[in-house]
Amino acid sequence: MSYQPVPTVRRRRLGSTLRKLRTEAGMTLDAAAAALNAAANGSADARRWTAPKLSRIENANATIRATEVDTLLRAYAVTDPGTRIALEGLAKDAGKRGWWQTYRGVVAPAYADYISLESDAESVRDYAPLVIPGLLQTPDYARETIAANAVARTAAEIDALAEVRLARQAVLTRPHHPLRLWVVIHEAALHRRFTGRPGIMTAQLRRLLDVAEWPTVTLQVMPIDAAPNPGDAGAFTLVAFPGPMPDVVTQENLRGPSYVEGVDDVNVFADAFGHIVDCALSTDETKALIAGLVGERGPHI
């Protein structure tokens, strides 16, 4: 399996944000390049900037150093320190090797991109109609669901993918700025059966009850008798970042995640999530429903 060492999704986020800031400054690529070269004023950086170079950066076809990000932000009259810190940090991390690269033999490039998104994220909103989201899965649930969808994988590869899924959960308990997670799970996903192993789902339901008490987690259930709503179109995840960086939407299929990155397109999913939340049970109703299911299943562990 091939692996692209640079998480290109980070470059795309940085490039699209720089394009947005240039546009808001009312500058064309040619005007921006001219302003940058004029600001260099005979220094070693003079005449280094060209419209094609800026275009390559904005389209994630070229790297950019943190010092160059600072130069661009000054040219675009961006003075907000939070924006500067966020974008300079993104430039520094564009080629950063994450912990998941230890598993590059089993983690596909698109999945590695998603993990890098998740590790950088400030918040995640997730609609899950069929499967408990990976960030909330127990070890047994993770392995069983991975095995069901990875028929061409060896047992060792399935174990490795389960380890990756569980390692991702560290974002929920990181010491500084833990990820804020808002999940809506369809009630159908709570009735999953694992043949001969009833304790798997019981433990998973208890896990949901535990995390539902965390201040950074909002958990709701979409009841089976809910009115038609945008969730009927399928699962999706909205990933949001600090500072000026745009949100990203991911949609999962058997080939891995695909991405929606245009602002207008992302807003469609953000609006849809709002409608889904309105149709779902409240957090208290959700906990009561899950607790009732645990009681029905009995003491299986």
Side-chain angles (χ1 to χ4, degrees), residues 7-24 58-61 82-83 86-87 90 108-136 149 168 171-172 179-189 216-283 286:
T8 56
V9 71
R10 279 179 172 152
R11 279 189 186 173
R12 292 199 301 270
R13 287 167 49 216
L14 178 58
S16 63
T17 304
L18 291 173
R19 182 189 304 113
K20 175 176 178 288
L21 294 173
R22 174 180 59 77
T23 302
E24 290 176 348
E58 291 180 357
N59 288 287
N61 293 319
T83 298
L87 294 184
L90 196 58
Y111 187 24
D113 270 353
Y114 178 74
I115 299 173
S116 75
L117 279 176
E118 195 174 68
S119 66
D120 291 343
E122 182 176 68
S123 66
V124 164
R125 288 168 286 173
D126 196 347
Y127 176 61
L130 298 174
V131 180
I132 306 301
L135 289 179
L136 301 180
N149 291 286
R168 285 170 43 206
V171 296
L172 296 174
L179 183 78
R180 298 198 309 274
L181 180 64
W182 193 337
V183 173
V184 180
I185 303 171
H186 198 283
E187 185 179 350
T216 54
V217 174
T218 300
L219 179 63
Q220 293 179 261
V221 165
M222 180 68 71
I224 287 177
D225 60 356
N229 61 80
D232 297 340
F236 63 89
T237 303
L238 278 153
V239 188
F241 309 92
M245 290 173 284
D247 296 354
V248 175
V249 172
T250 68
Q251 295 176 288
E252 186 78 24
N253 56 55
L254 288 174
R255 301 290 293 177
S258 59
Y259 299 101
V260 177
E261 298 182 71
V263 173
D264 291 340
D265 290 333
V266 169
N267 284 341
V268 170
F269 286 88
D271 290 342
F273 191 80
H275 289 298
I276 289 169
V277 164
D278 290 341
C279 291
L281 299 178
S282 70
T283 56
T286 290

Do Thr283 and Thr218 come close enough that some side-chain heavy atom pair is under 4.5 Å? yes

Are Lys20 and Val263 close enough that some pair of their side-chain heavy atoms sits under 4.5 Å apart? no

Tyr127: which residues meet the side-chain hydrogen bond (donor to acceptor under 3.5 Å, both in side chains) condition with it, sequence neighbours left out? none

Any donor-acceptor pair under 3.5 Å linking the side chain of Tyr259 with the backbone of Tyr114? yes

At what distance, to the nearest 0.5 angstrom, does CZ of Arg180 lie from CG of Leu172? 12.5 Å

What distance separates Gln220 CD from Leu281 CG, expressed to the nearest 0.5 Å? 8.0 Å

Residue set satisfying side-chain hydrogen bond (donor to acceptor under 3.5 Å, both in side chains) with Thr17, at least two apart, ordered chain then number -> none

Within a strict 4.5 Å, meaning less than it, do heavy atoms of the Val266 and Leu238 side chains meet? yes

Hey, could you give me the CD1/CG distance between Ile185 and Leu130, rounded to the nearest 0.5 Å? 11.5 Å

Donor-acceptor pairs are to be reported for all side-chain atoms of residues 221-230 against protein atoms at under 3.5 Å, with residues two or more places apart or in another chain.
residue, atom, partner, partner atom, Å
Asn229, OD1, Gly231, N, 2.8
Asn229, ND2, Ala227, O, 2.9

Heavy-atom side-chain contact between Thr237 and Glu118 under 4.5 Å: no

Are Val249 and Asp265 side-chain neighbours, meaning at least one heavy-atom pair lies under 4.5 Å? no

Any residue meeting ring-ring contact (aromatic ring centres under 6.0 Å, His included) with Phe269, in chain and number order, not counting sequence neighbours: Phe236

Can you confirm whether Val248 sits close enough to Phe241 that some side-chain heavy atom of one is under 4.5 Å from a side-chain heavy atom of the other? yes

With the side chain counted from C-beta on, respond yes when Val260 and Val268 share a heavy-atom pair under 4.5 Å apart, and no when they do not. no

Identify which one of Leu181, Val184, Val183 satisfies the side-chain contact (heavy atoms from CB on, under 4.5 Å) criterion when paired with Leu219. Val183

If you look at every heavy atom in Leu117 and Val239, which pair is closest and at what distance? O-CG1, 4.1 Å

Locate the shortest heavy-atom distance separating Arg168 from Leu135; write the atom from each residue and the value. O-CD2, 3.6 Å

Applying side-chain hydrogen bond (donor to acceptor under 3.5 Å, both in side chains), which residue pairs with at least one partner in residues 270-281 are found, sequence neighbours left out? none

Heavy atoms of Gly234 and Pro129 approach each other most closely as C-CG, 4.3 Å

Quick one: which residue pairs count as a salt bridge (Lys or Arg N to Asp or Glu O under 4.0 Å) with a foot in residues 227-254, not counting sequence neighbours? Arg125-Asp247

